[in-house]
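Encoded as structure tokens, the structure appears first; notes follow it.
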Amino acid sequence: MELDNRDQSIQRNKESNNDSGKDHQDQNSRQEPDLQEQTRIRLEKLTQLQTSGQDPFNQVQYPVSHYSQDILDRFDELENQEVFVAGRLMSKRGMGKVSFCDLADSRGRIQLFTKIDALGADIYKQWQQLDIGDLVGVRGTVFRTKRGEISIKTVDYTLLAKALKPLPEKYHGLKDTDTRYRQRYLDLIVNPEVKQTFYKRSLILKTLRQELDNRSFIEVETPILNSIPGGAAARPFITHHNALDLDLYLRIAPELYLKRLIVGGFDRVYEIGRQFRNEGLSIKHNPEFTLLELYQAYTDYKGMMELTEQLIQAAALAVNQDTNITYQEQTINLAPPYLRLSMSDAIKQYAGVDFDLIENTEDARKAAAQAGLADIDPKWSRGDLMNACFEAFCEPELIQPTFIYDYPLELSPLTKKKPGKPHLTERFELFIFGREFANAYSELNDPQDQRERFAMQADKRAAGDEEANLTDEDFCQALEYGMPPTGGLGIGIDRLVMLLTNSASIRDVLLFPTMKPLR
């Protein structure tokens, strides 16, 4: 059977994963003899240091006074001043009585200027024995060289840690993506621009928290180990609690716990945390990912649209100082308001099928086939067919931020029905660059309706849908105590970071993405 678009991307990723792993192994085997020789030499140097009572691993602290970027930014103030810096040696130039090194710390790089006259012959000789990759603390004075480069004139140094393996060769760096993801520490050392992505990720999270805190939301934590995987349609990971002799699930979403808090009297709550879904890998999917999920009492999905616009705009301004960004050579405007289209109107516009005129499943199946939809599952309902048409024909066209709203009832088991149109729900998803970034509901708060929806999901599961929701009776009981009208919103943090840092793959914005083990 032909794979759908998402499965094709996952399959291509798996094949790429296997191939890159093989190339990685082949490359390692070619480099291994040279690597072993360099490691042997470095080990000999370490042994000599330890024998002479200068074991670098006995160092426990160093009094850092400035970072590289501080010195570069404040040169006029710091010129001729003594500073203490620490970091990793990234290059060495000069073998006579004068040498130059580049020192990298967490904020950048700065040049070190070292003379035999300043250190003395014995200490200078030891300095010359240092290897690229070694971690050192340096005391020196700030000055500008004759060529105009801001530098530190070394007065004294301390070896803080010996690098026993050489860094990747400087002219080619670390380009192999498989190695970069598997050995992120090397990636961060030799590709300093990678750090900027993760500084920006941190800033995005900080900004989202600030925006929500300023709107009187409180941040909460809910269980990661769940007895029932709920809040989303996804296959869970299963684990086992030995003391209770009980199978548990890693959460696929925090939704049902957060809504319990709305029942309990918290009007505005949010959680930023890891979710776990036992699904495939692609440039957009990782088995564990970060989600912002929030709930606000006394509003609906329209209120969530406005909040979504405000949060994304704030994050864009924090990271890029502009709401006009470039992503994969496409210019995207993140300034509100965003385009709004019902799912039915989007399908009509991009696929030429008017589902408003189609009432039964059989006619919907025929219309979808005539539009060119392939691999139609005979078990699909009218709502499933609408969703399949939307994914195939509409999603790729939604480059600028677009809210798609009013989803079929079958796709939204936790969402309020649309007044006057009970076959639809008050739900939206935000699409940018053909990808989903946010999902929001007017939350279902009728306990009887909720039980009926869970029953529908149970029927789908019985028919073979492993991603259908399980019935959470305790959640239904919570609703029986009364939950106010509530709007709920989820934003995929990893995809938002991808967008705002112009990163092509989710692995570029995860410090440690899931990887297939090397054999």
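Small disclaimer: the values here were computed from a predicted structure and weren't measured.
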Problem set entry | Expected output: side-chain D494 to main-chain T290 donor-acceptor under 3.5 Å | yes

For this session: Taking the side chain as every heavy atom from C-beta outward, state whether L294 and V269 have any pair of such atoms under 4.5 Å apart.
Result: no

Exercise. Ignoring hydrogens and geometry, is there a side-chain-to-backbone donor-acceptor pair from D176 to T179 under 3.5 Å?
Worked result: yes

For this session: Could you give me the CA-CA distance, side-chain angles and deciding distance for Q328 and N502, then say whether side chain to side chain contact (heavy atoms under 4.5 Å, CB included) is met?
Result: CA-CA 6 Å; Q328 304 299 291; N502 195 17; 3.0 Å; yes

For this session: Give a yes or no on this: more than 12 heavy atoms of other residues, nucleotides or ligands lie within 6.0 Å of atom CZ of R340.
Result: yes

Exercise. Does a salt bridge link E211 with R215, judged by any charged N lying under 4.0 Å from a carboxylate O?
Worked result: yes

For this session: Check whether any side-chain heavy atom of L291 sits under 4.5 Å from a side-chain heavy atom of R274, and report yes or no.
Result: no

Problem set entry | Heavy-atom closest contact (L489 atom, A438 atom, distance) | CD1-CB, 4.0 Å

Exercise. Closest heavy-atom contact between T299 and M304?
Worked result: CG2-CE, 3.7 Å

Problem set entry | Side chains of D247 and T239 in contact at under 4.5 Å (non-hydrogen atoms) | no

Exercise. Will you find, in the side chains of Y181 and D508, an N or O donor that is under 3.5 Å from an N or O acceptor?
Worked result: yes

Exercise. Does one side chain, of S503 or T501, offer a donor that lies under 3.5 Å from an acceptor on the other?
Worked result: yes

Exercise. If only atom types and distance count, is the side chain of E271 paired as donor or acceptor with the main-chain N or O of L258 below 3.5 Å?
Worked result: no

Problem set entry | Any donor-acceptor pair under 3.5 Å from D465 side chain to E467 backbone | yes

Problem set entry | Test item: side-chain donor near acceptor, Y298 and Q296, under 3.5 Å | no

Exercise. Does any non-hydrogen side-chain atom of L398 lie less than 4.5 Å from one of Y350?
Worked result: yes

Problem set entry | Residue pair Y407 / R427: nearest heavy atoms and the distance that separates them | CD1-O, 3.6 Å

For this session: Kindly indicate, with the supporting measurements, whether the criterion side chain to side chain contact (heavy atoms under 4.5 Å, CB included) is fulfilled by R209 and L205.
Result: CA-CA 6 Å; R209 283 189 165 97; L205 289 168; 4.0 Å; yes

Exercise. Taking NZ, NE, NH1 and NH2 as the nitrogens, is one of them in K416 or E426 under 4.0 Å from a carboxylate oxygen of the other?
Worked result: no

Exercise. Do any N or O atoms from the side chain of R182 and from the backbone of K516 form a donor-acceptor pair under 3.5 angstrom?
Worked result: yes

For this session: Look at E466 together with K460 and state whether they make a salt bridge at an N to O cut-off of under 4.0 Å.
Result: no

Problem set entry | Over all atoms of both residues, closest heavy-atom pair of T222 and P254 | OG1-CB, 3.5 Å

For this session: State whether R451 and E473 are salt-bridged, where the test is any N-O pair (Lys NZ or Arg NE/NH1/NH2 against Asp/Glu carboxylate O) under 4.0 Å.
Result: yes

Exercise. What heavy-atom pair brings A478 and R260 nearest, and what distance separates the two atoms?
Worked result: CB-CG, 4.3 Å

Exercise. Does N286 reach the main-chain N or O of T514 with its side chain, forming a donor-acceptor pair under 3.5 Å?
Worked result: yes

For this session: Check whether any side-chain heavy atom of E480 sits under 4.5 Å from a side-chain heavy atom of P447, and report yes or no.
Result: yes

For this session: Decide whether R461 and T471 meet the rule of one side-chain donor and one side-chain acceptor closer than 3.5 Å.
Result: no

For this session: Taking all non-hydrogen atoms of both residues into account, name the closest pair between L208 and I493 and its distance.
Result: CD1-CD1, 3.5 Å

Problem set entry | N387 side chain to D384 side chain, donor-acceptor N/O pair below 3.5 angstrom | no

For this session: Decide yes or no on side chain to side chain donor-acceptor pair (under 3.5 Å) for Q313 and T323, but give the supporting numbers first.
Result: CA-CA 6 Å; Q313 176 181 238; T323 53; 5.5 Å; no

For this session: Report the distance from atom OH of Y257 to atom CD1 of I224, rounding to the nearest 0.5 Å.
Result: 11.5 Å

Exercise. Any side-chain heavy-atom pair from L341 and Q349 closer than 4.5 angstrom?
Worked result: yes

Exercise. Can you tell me if OH on Y327 sees more than 12 non-hydrogen neighbours from other groups inside 6.0 Å?
Worked result: yes

For this session: State whether a side-chain donor-acceptor pair under 3.5 Å links Y270 with D213.
Result: yes

For this session: Report yes or no: do H240 and D245 form a side-chain donor-acceptor pair below 3.5 Å?
Result: yes

Exercise. Between F428 and F403, does the ring centre distance come in under 6.0 Å?
Worked result: yes

For this session: Let me see the working for Q183 and Y185 under side chain to side chain donor-acceptor pair (under 3.5 Å), right down to the final yes or no.
Result: CA-CA 5 Å; Q183 296 178 281; Y185 44 89; 3.1 Å; yes

Exercise. Can you find a side-chain donor-acceptor pair between D406 and Y301 that sits under 3.5 Å?
Worked result: yes

Problem set entry | E395 CD to T402 OG1 distance, which is reported to the nearest 0.5 Å | 11.5 Å

Problem set entry | Salt bridge flag under 4.0 Å for residues R235 and E279 | no

Exercise. Taking the side chain as C-beta and beyond, is there a heavy-atom pair between L499 and L334 under 4.5 Å?
Worked result: yes

Exercise. With a cut-off of 6.0 Å (strictly less than), are more than 12 heavy atoms of other residues, nucleotides or ligands near NZ of K302?
Worked result: no

Exercise. Any chance CD of E193 has more than 12 other-residue heavy atoms, nucleotides or ligands included, within less than 6.0 Å?
Worked result: yes

For this session: Mark yes or no: R107 above the aromatic ring of Y67, with NZ or CZ under 6.0 Å from the six-membered ring centre and no more than 45 degrees from the axis.
Result: yes

Exercise. Are the charged groups of E443 and K259 less than 4.0 angstrom apart, N to O?
Worked result: yes

Problem set entry | Short side-chain to backbone donor-acceptor contact, N226 and P223, under 3.5 Å | yes

For this session: Establish, for the pair R495 and F437, whether the NZ or CZ atom is under 6.0 angstrom from the six-membered ring centre and no further than 45 degrees off its axis.
Result: no

Exercise. So, do R251 and L256 sit near enough that their side-chain heavy atoms are less than 4.5 Å apart?
Worked result: no

Exercise. What do the steps show when you test L385 against I376 for side chain to side chain contact (heavy atoms under 4.5 Å, CB included), and what is the final call?
Worked result: CA-CA 8 Å; L385 290 160; I376 297 175; 3.6 Å; yes

Problem set entry | Residues F390, M386; criterion side chain to side chain contact (heavy atoms under 4.5 Å, CB included); working and verdict | CA-CA 6 Å; F390 173 77; M386 280 187 69; over 6 Å; no

